[in-house]
Amino acid sequence: MIHNIPKEFFDPEYLYAYAEDFLNTKIATQIYVLREQRGLTQEDLAQKIGVKQPGIARLENVNNSAWKVETLKKLAKELGVIYIGGFV
């Protein structure tokens with residue numbers, strides 16, 4: 001029901017900031033969980049995609065918003081979450 005939506009969500013700037021924070025948190029959390037599920041350390045994953053460990057730490061930080069598509073593709077491939085046609 002529309003009357004239950006907080007009034008802030010009708011402000012485009014607020015809505016954009018909310019969506020960006022949600023996306024950053026989701027991506028960072030997925031990277032962390034997938035890495036942990038596969039028994040990899042940050043250093044292990046960093047070596048596999050050609051970055052240094054602090055780079056993985058930044059990617060797993062929910063406050064990160066500097067996503068590079070190429071890095072996300074490398075992560076997805078290394079973590080086994082790519083299929084033909086896109087991402088799982």
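Just so you know, these numbers come straight off a predicted model, no measurement behind them.
- Distance check, rounded to the nearest 0.5 Å: CG of N61 to OG1 of T25 gives 9.5 Å.
- Pairs of residues two or more places apart, or lying in two chains, that qualify as side-chain hydrogen bond (donor to acceptor under 3.5 Å, both in side chains) and include a residue from residues 47-59 are Q42-Q53, E43-Q47.
- The side-chain hydrogen bond (donor to acceptor under 3.5 Å, both in side chains) search around T29 returns none, not counting sequence neighbours.
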List the atom pairs, donor and acceptor, that lie under 3.5 Å between side-chain atoms in residues 62-71 and the rest of the protein, sequence neighbours left out.
{"unit_1": "N64", "atom_1": "OD1", "unit_2": "A66", "atom_2": "N", "d": "3.3"}
{"unit_1": "W67", "atom_1": "NE1", "unit_2": "N24", "atom_2": "OD1", "d": "2.9"}

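- Clustering of Ile, Leu, Val, Met, Phe, Trp and Tyr side chains at separations under 4.5 Å places Y32 together with V33.
- Scanning both residues, R35 and L40, for their nearest heavy atoms gives NH1-O, 2.8 Å.
- Taken to the nearest 0.5 Å, the CD atom of Q30 stands 10.5 Å off from the CG atom of L79.
- Every pair tested for side-chain hydrogen bond (donor to acceptor under 3.5 Å, both in side chains) that includes a residue from residues 7-22 fails, sequence neighbours excluded, so the list is empty.
- To the nearest 0.5 Å, atom CG of residue L75 and atom CD of residue E60 are 9.0 Å apart.
- Using a 4.5 Å cut-off on side-chain heavy atoms (C-beta onward), V51 and L45 make no contact.
- When every heavy atom of I31 is checked against every heavy atom of L59, the shortest pair comes out as CD1-O, 3.9 Å.
- Other members of a hydrophobic cluster containing F22 are absent, since no ILVMFWY side chain comes under 4.5 Å of it, directly or through relayed contacts.
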